[in-house]
Protein chains: 2
Amino acid sequence: MKDYKSMLKEYNLKATPQRMYMISEIEKSGHIDIDNLYESLQTFFPYISLATVYKNINSMVDNGFLTEVKVPHKKSRYEITKESHAHLFCKECGKLEDIFINTEALYNEAMQNSNYQITDILVTFEGICKECQKLKSEG
Amino acid sequence: MKDYKSMLKEYNLKATPQRMYMISEIEKSGHIDIDNLYESLQTFFPYISLATVYKNINSMVDNGFLTEVKVPHKKSRYEITKESHAHLFCKECGKLEDIFINTEALYNEAMQNSNYQITDILVTFEGICKECQKLKSEG
DNA sequence: CTGACTGCAAACGTTTTGCACGGTA
DNA sequence: TACCGTGCAAAACGTTTGCAGTCAG
């Protein structure tokens with residue numbers, strides 16, 4: 001298992017087996033929602049409580065170790081906090097992927113056209129992924 | 001009152017007083033969440049049910065008359081569907097505003113760097129609005 | 001050893017549903 | 001008149017809380 005212990009310690013969280021497995025699952029899937037996370041945890045921890053999953057997700061989000069990603073028409077998903085990036089969301093299969101784009105122009109445009117002091121830019125591209133395009137064309 | 005009747009008819013919805021007032025409130029505020037909408041409806045319809053507000057919001061969203069806007073750490077807000085635009089969100093006071101930006105470059109970048117067929121781009125700028133900046137500096 | 005974490009059950013807030021009545025078209 | 005929309009109450013969800021026992025540091 002990766003060095004999840006020190007990752008947690010860095011964020012002042014105790015390294016319990018449940019938490020370490022949560023992190024490994026989130027890392028593996030990239031983005032995961034509560035229900036899928038709970039389900040996959042159950043194979044390792046048959047008696048784990050949904051409340052525990054919520055509590056851990058909340059504390060990890062609160063101290064910045066995880067980031068919540070709101071998705072159109074779906075439950076929120078969680079990812080390990082990393083450098084600023086955008087998301088690709090497939091509205092056919094619900095898949096969510098990272099995409100790194102340059103938001104400097106956006107930032108400048110928004111700063112010029114508003115009187116906000118902008119601190120973050122959230123970008124989600126909605127569309128159809130390659131696999132779903134193929135499925136549709138094969139019909 | 002504006003021509004809310006024909007707006008609703010266009011979307012195959014019956015023009016009830018409750019719905020027309022809902023639309024006028026959403027239009028007036030730009031973006032509104034369920035609770036505030038319910039509250040403002042009560043001054044006109046003291047016996048209106050929250051369930052009615054939900055049912056109407058859902059049917060209007062379902063057929064595209066309204067659009068749901070997900071906001072960080074807040075309940076969703078609803079706006080009358082209009083041409084593509086981005087949002088400014090003040091994380092101090094929670095205000096949400098429209099901002100029109102050019103997303104062509106973004107679109108091109110995402111099309112080139114992914115194999116998605118992109119249909120929509122959701123952009124939210126998070127920051128601090130002018131009024132809250134002032135309040136903070138006066139602090 | 002102590003405080004933090006876990007699992008369970010209950011509580012809570014939000015949203016949806018079923019139904020009888022009333023209003024729109 | 002027929003059907004859709006309304007209000008009410010109850011149900012269904014999703015999430016949080018309180019508590020007693022356990023574990024990580």
Side-chain angles (χ1 to χ4, degrees), chain A residues 1 3-26 32-63 65-66 68-78, chain B residues 1 3-26 32-63 65-66 68-78:
Chain A
M1 211 179 247
D3 197 10
Y4 298 132
K5 197 171 242 174
S6 41
M7 293 169 80
L8 284 165
K9 202 175 289 181
E10 228 176 284
Y11 285 88
N12 298 310
L13 295 167
K14 287 197 175 176
T16 65
Q18 289 89 336
R19 281 180 181 165
M20 291 195 281
Y21 190 72
M22 280 178 72
I23 301 179
S24 79
E25 275 304 302
I26 296 172
I32 199 166
D33 66 22
I34 295 277
D35 297 337
N36 284 303
L37 183 54
Y38 177 52
E39 196 181 347
S40 78
L41 282 162
Q42 282 176 311
T43 69
F44 262 67
F45 308 95
Y47 298 107
I48 195 171
S49 162
L50 231 197
T52 299
V53 182
Y54 274 106
K55 285 173 191 168
N56 283 339
I57 285 283
N58 288 341
S59 52
M60 294 190 207
V61 169
D62 288 347
N63 59 33
F65 180 63
L66 296 182
E68 179 181 359
V69 183
K70 294 202 174 196
V71 180
H73 318 116
K74 303 275 181 184
K75 278 202 187 185
S76 287
R77 301 189 194 166
Y78 299 88
Chain B
M1 214 179 246
D3 200 10
Y4 298 130
K5 196 171 240 172
S6 41
M7 293 168 82
L8 284 165
K9 200 175 290 181
E10 229 175 282
Y11 284 88
N12 298 312
L13 295 167
K14 286 196 175 175
T16 65
Q18 289 89 334
R19 281 178 180 168
M20 291 196 281
Y21 189 72
M22 281 177 71
I23 301 178
S24 78
E25 275 303 302
I26 296 172
I32 198 165
D33 66 22
I34 295 277
D35 297 337
N36 284 304
L37 183 54
Y38 178 52
E39 196 182 346
S40 77
L41 282 161
Q42 282 177 311
T43 69
F44 259 70
F45 307 95
Y47 298 107
I48 196 171
S49 162
L50 231 196
T52 298
V53 181
Y54 274 105
K55 284 173 191 167
N56 284 339
I57 285 283
N58 286 342
S59 52
M60 295 189 207
V61 168
D62 287 348
N63 60 32
F65 180 62
L66 296 182
E68 180 180 359
V69 183
K70 295 201 175 195
V71 179
H73 319 115
K74 302 277 181 181
K75 278 203 185 182
S76 288
R77 302 189 193 166
Y78 299 88

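All figures in this text were calculated on a predicted structure; none of them were measured in a lab. By convention in this document, chain letters (A, B, ...) are assigned in the order of the sequence lines, proteins followed by strands, and residues within each chain are numbered from 1.
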Checklist outcome for this item: From CZ of A/Phe45 across to C1' of D/dC23 the rounded distance in Å is 13 Å
Checklist entry - Picking from D/dG5, C/dG7, D/dT6, which would you name as closest to the side chain of A/Ile48? => result C/dG7
Item to check | Separation of D/dG25 C1' from A/Met20 CE (nearest whole Å) | outcome: 13 Å
Checklist entry - Would you say A/Gln18 reaches C/dG7's phosphate, i.e. side-chain N/O to OP1/OP2 under 4.0 Å? => result yes
Next on the checklist: Please report the distance, rounded to the nearest Å, between CD1 in A/Ile34 and P in D/dC13.
Outcome noted: 18 Å
Next on the checklist: Could you check whether B/Lys75 pairs with B/Asp35 (Lys NZ or Arg NE/NH1/NH2 to Asp/Glu carboxylate O, under 4.0 Å)?
Outcome noted: yes
Checklist entry - Rounded to whole angstroms, how far apart are CG on B/Leu41 and C1' on D/dG7? => result 14 Å
Item to check | Nearest listed nucleotide, side chain of B/Lys14, among D/dG7, C/dG7, D/dC4 | outcome: D/dC4
Next on the checklist: Expressed as a whole number of angstroms, how long is the span from A/Arg19:CZ to D/dA24:C1'?
Outcome noted: 10 Å
Item to check | Phosphate-side-chain proximity, B/Thr16 and D/dC4, N/O vs OP1/OP2 below 4.0 Å | outcome: no
Next on the checklist: By the 4.0 Å heavy-atom rule, please label B/Thr52 as base, sugar-phosphate, or nothing.
Outcome noted: base
Checklist entry - Taking OP1 and OP2 of C/dA4, is either one under 4.0 Å from a side-chain nitrogen or oxygen of A/Asn12? => result no
Checklist entry - Within a strict 4.5 Å, meaning less than it, do heavy atoms of the B/Gln42 and B/Ile48 side chains meet? => result yes
Checklist outcome for this item: Among C/dA25, D/dC8, C/dT6, the one nearest any side-chain atom of A/Asn56 is C/dT6
Give every pair of a protein N or O atom and an N or O atom of nucleotides 17-20 of chain C that lie under 3.5 Å apart, one pair per line with the distance.
unit_1, atom_1, unit_2, atom_2, d
C/dG18, O6, B/Lys55, NZ, 3.0

